[in-house]
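See structure below.
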Protein chains: 2
Amino acid sequence: MSKIGIKDIASQSGVSSATVSRTLRSPELVSEDTRKRVLEAIKATGYKPNRFGASLRTQKSGNVVVVMPDITNQVNAGIIRAIESEAHKAGYCVLLGDTQNQEEREQHYADMVTSGQADGILIFTPNLPFSLKTDKPISEQLPPLVNSCEEIANDDIYKVVIDNKAGARTAVQHLLDLGHTCIAAVMGPKDTPSTLDRLAGYKQALTEANIEINRNLIIRGDYRTESGIEAMEKLLRLRHRPTAVFCFSDDMAIGAMNTLREYDYRIPQDISVIGFDDISYSKLMYPKLTTIRQPLEDIGRNCMRVLLEQLRGNKPAQKITELPFELVVRQSTGPVPR
Amino acid sequence: MSKIGIKDIASQSGVSSATVSRTLRSPELVSEDTRKRVLEAIKATGYKPNRFGASLRTQKSGNVVVVMPDITNQVNAGIIRAIESEAHKAGYCVLLGDTQNQEEREQHYADMVTSGQADGILIFTPNLPFSLKTDKPISEQLPPLVNSCEEIANDDIYKVVIDNKAGARTAVQHLLDLGHTCIAAVMGPKDTPSTLDRLAGYKQALTEANIEINRNLIIRGDYRTESGIEAMEKLLRLRHRPTAVFCFSDDMAIGAMNTLREYDYRIPQDISVIGFDDISYSKLMYPKLTTIRQPLEDIGRNCMRVLLEQLRGNKPAQKITELPFELVVRQSTGPVPR
DNA sequence: ACTTTCTATGAAAACGTTTACATTATACAT
DNA sequence: ATGTATAATGTAAACGTTTTCATAGAAAGT
């Protein structure tokens, strides 16, 4: 569009380009009246400094890239929204990296930060897409980086997390308190730390209650609705059906409830369902879903803050910032039948 | 991170930086063996060309910016996902602009394209954040731009749309076919074209059926769940309650259904509800929501394609690309009571 | 009155690419 | 053998900023 550059402003207001740059970046260095003159010319022409010229010189892009497996997912969407908001406040732009679970794309977005197109990266997938050399400390080889949601198995990177194990334990304890003893679990994908932690919490709650763990009641899912549907179908075929199901995500819980309705089970009279996340649709389900709330906005905000801290050249105080979860009891869980 | 530049690769493989650049950008111009040598050096060092150097020279950023009111919204999320995918294929990156309905932010993201930080812009809000001069044709003053979802009231810009009026008409016709005559409408926000079109479709269907339009049955909403809840509360207070409600978004329909359940109405036995959008959660509701499907993925893909066409310097064939909607009948609509 | 410090500005280098132009070597046609 | 087209590469300018360094004038300290 506009072809006007800093030099045009400079000549138009009778100063050098250096002064124009200064009026924009460090106004305190330029006298009041020249400043006014320059600002006027800028306003009159609608001049916007070209970012590439600036970036090339300063070696800062002003961008951060966020790598997510699926932005359509309510958890991810909620988080990225907060990230964007926080980034915007700090003058950063966010580059959206929806990986669709393809490694090639993860790599591609990671390259953006090594090629200088972004100054930092937020990773919500369980992989670290940077090749590391073993002869140097990891922290020296990585760009400003924060990891959340799907934990990367590496203790040397900054993370913002919730206590998944305790969250799961709380969920199961809630069911236990209602008298359930036959409690199924629908896990997340693969062997990601978050899923493993939740599984550990599930097991801990049961063993603490002296209930033996029944492998048939533990089903593998992938956090998505469809897998919740399938998991519940499997569970219903069991000779000893569970009276309660703990799904590791709300989406799966919603799927599970759909299956239950399909086969005429009443929730929670026949079977209780509890989820994990508290996405916005959970409270709109019928029955309203009991779940463990993740503070999505807080997670996003803190991710960005920890990243900003690094971008400013500081070392954040701690590697891990842990945020609180919360049991929110609604109507999908009730006392054990009989 | 890495401080290696094109010159390092050049000296390392005994050629000039020009040749290195050529091996990357136009490999056909460099002989096979030098090409191999250069590629080797690049691989060995992990060199990534600095985007700013390149962009500064070529005057192309390789970015597009998408401006949306709320990325948390399933419609927006679905669309942006397809955009990202298509952009990625074409070698573009997408800058996320969640405006949170603030004009300042809209402006900010528009500036990215005028300042060269992005080559094109996709706008999903009803405003055109560019100042135009009246003495020139509009198309000459705008950057590559595509508008969708919330139509901008300007016929000179590229849009991808569905036929909102026909969609609404279809929805209402569906209710009419079920015998309903007292049909409420819950509108979208403000006086955006999309909402106005849907309202027109609603009115047309009714007048065609010789049903008088009752202003009390038309409630203003804002597409969000909360407003669906409130709208339904208003409707239930009416002396002559509607037997069917057409919500201009699924989110509002979902809210409306919640209100209905709260006051013990049966859906659809007492009151039918139909939505608009077909977000993924609609089929998971109880009862499953009847709605008008928007082809979100198609919309996103086409938006990006029309933009790409412009970015390649071509004029897209038509200003408006219209995509088909589809009535999907599920369980939230049924015959009129009695 | 004379140095010293400070303030406001300008000149010019630097950032890392791409590419127009120039150059050389090679193949081809006559 | 001569000239011409072609292929492969190098040289250097250009992109639009920011910032170091230098400079000039003003203010301040003696």
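Letters A, B, ... mirror the listed sequences (proteins, then strands); counts begin at 1.
- The ring pair (Phe, Tyr, Trp, His ring centres under 6.0 Å) contacts involving residues 120-156 of chain B comprise nothing, where partners must be two or more places apart or lie in separate chains.
- Among residue pairs with one or both ends in residues 20-44 of chain A, none qualify as ring pair (Phe, Tyr, Trp, His ring centres under 6.0 Å); sequence neighbours excluded.
- Between its opening and closing five pairs, the helix from dA1(C)-dT30(D) to dT30(C)-dA1(D) changes axis direction by 40°, a value rounded to 10 degrees.
- A donor-acceptor distance shorter than 3.5 angstrom exists from the side chain of Thr23(B) to the backbone of Thr19(B), with no hydrogens or angles considered.
- Atom-to-atom, CG of Asp8(A) to C1' of dT17(D) comes out at 13 Å; the value is rounded to the nearest Å.
- Remark: Thr99(B) engages no residue in a side-chain hydrogen bond (donor to acceptor under 3.5 Å, both in side chains) (not counting sequence neighbours).
- Atom pair Arg37(B):CZ and dA8(D):P shows a separation of 13 Å (rounding to whole Å applied).
- Rounded to an integer number of Å, the gap from CG of Leu29(B) to P of dT9(D) is 10 Å.
- Judged as a ring pair (Phe, Tyr, Trp, His ring centres under 6.0 Å), not a single pair has a partner in residues 19-39 of chain A (not counting sequence neighbours).
- Taking a heavy-atom distance under 4.0 Å as the criterion, the stretch of DNA chain C touched by chain A extends 5' to 3' from dA8(C) to dG16(C).
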Identify all side-chain donor-acceptor contacts of residues 70-77 of chain B below 3.5 Å with residues at least two apart in sequence or on another chain.
| unit_1 | atom_1 | unit_2 | atom_2 | d |
| --- | --- | --- | --- | --- |
| Asp70(B) | OD1 | Arg81(A) | NE | 3.0 |
| Asp70(B) | OD1 | Thr72(B) | N | 2.8 |
| Gln74(B) | OE1 | Ser280(B) | OG | 3.0 |
| Gln74(B) | NE2 | Thr72(A) | O | 3.1 |
| Asn76(B) | ND2 | Asp70(B) | O | 2.8 |

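- Looking at residues two or more places apart in sequence or on another chain, you find a side chain to side chain contact (heavy atoms under 4.5 Å, CB included) between Glu322(A) and Val161(A), Asp163(A).
- Among residues two or more places apart in sequence or in another chain, the ring-ring contact (aromatic ring centres under 6.0 Å, His included) test is passed with Phe52(A) by Phe52(B).
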Pick out the pairs of N or O atoms, protein on one side and nucleotides 10-12 of chain D on the other, that lie under 3.5 Å.
| unit_1 | atom_1 | unit_2 | atom_2 | d |
| --- | --- | --- | --- | --- |
| dG10(D) | OP1 | Ser16(B) | N | 3.4 |
| dG10(D) | OP2 | Ser16(B) | N | 2.7 |
| dG10(D) | OP2 | Ser16(B) | OG | 3.0 |
| dG10(D) | OP2 | Thr19(B) | OG1 | 2.7 |
| dG10(D) | N7 | Arg22(B) | NH2 | 2.8 |
| dG10(D) | O6 | Arg22(B) | NH1 | 3.3 |

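- Atom CG of Leu56(B) and atom C1' of dA14(D) are 8 Å apart (whole Å).
- Phosphate proximity of dT19(D) to Ser21(A): absent, as no side-chain N or O sits under 4.0 Å from OP1 or OP2.
- Along DNA chain C, the nucleotide nearest to Glu28(A) and the one nearest to Arg51(B) differ in position, and the one closer to the 5' end is contacted by Glu28(A).
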Using residues 4-11 of chain A as the side-chain source, report each donor-acceptor pair under 3.5 Å to any protein atom, sequence neighbours left out, with the distance given to one decimal.
| unit_1 | atom_1 | unit_2 | atom_2 | d |
| --- | --- | --- | --- | --- |
| Asp8(A) | OD2 | Gly5(A) | N | 2.6 |
| Ser11(A) | OG | Lys7(A) | O | 3.3 |
| Ser11(A) | OG | Asp8(A) | O | 3.1 |

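- Put simply, the side chain of Asp119(A) never gets that close to the backbone of Lys60(A): no donor and acceptor are under 3.5 Å apart.
- The residue Ser55(B) sits apart from the nucleic acid: no heavy atom pair falls under 4.0 Å.
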Can you list, pair by pair, the side-chain donor-acceptor contacts under 3.5 Å of residues 85-92 of chain B, counting residues two or more places apart and other chains?
| unit_1 | atom_1 | unit_2 | atom_2 | d |
| --- | --- | --- | --- | --- |
| Glu86(B) | OE2 | Arg305(B) | NE | 3.1 |
| Glu86(B) | OE2 | Arg305(B) | NH2 | 3.3 |
| His88(B) | NE2 | Glu104(A) | OE2 | 3.2 |

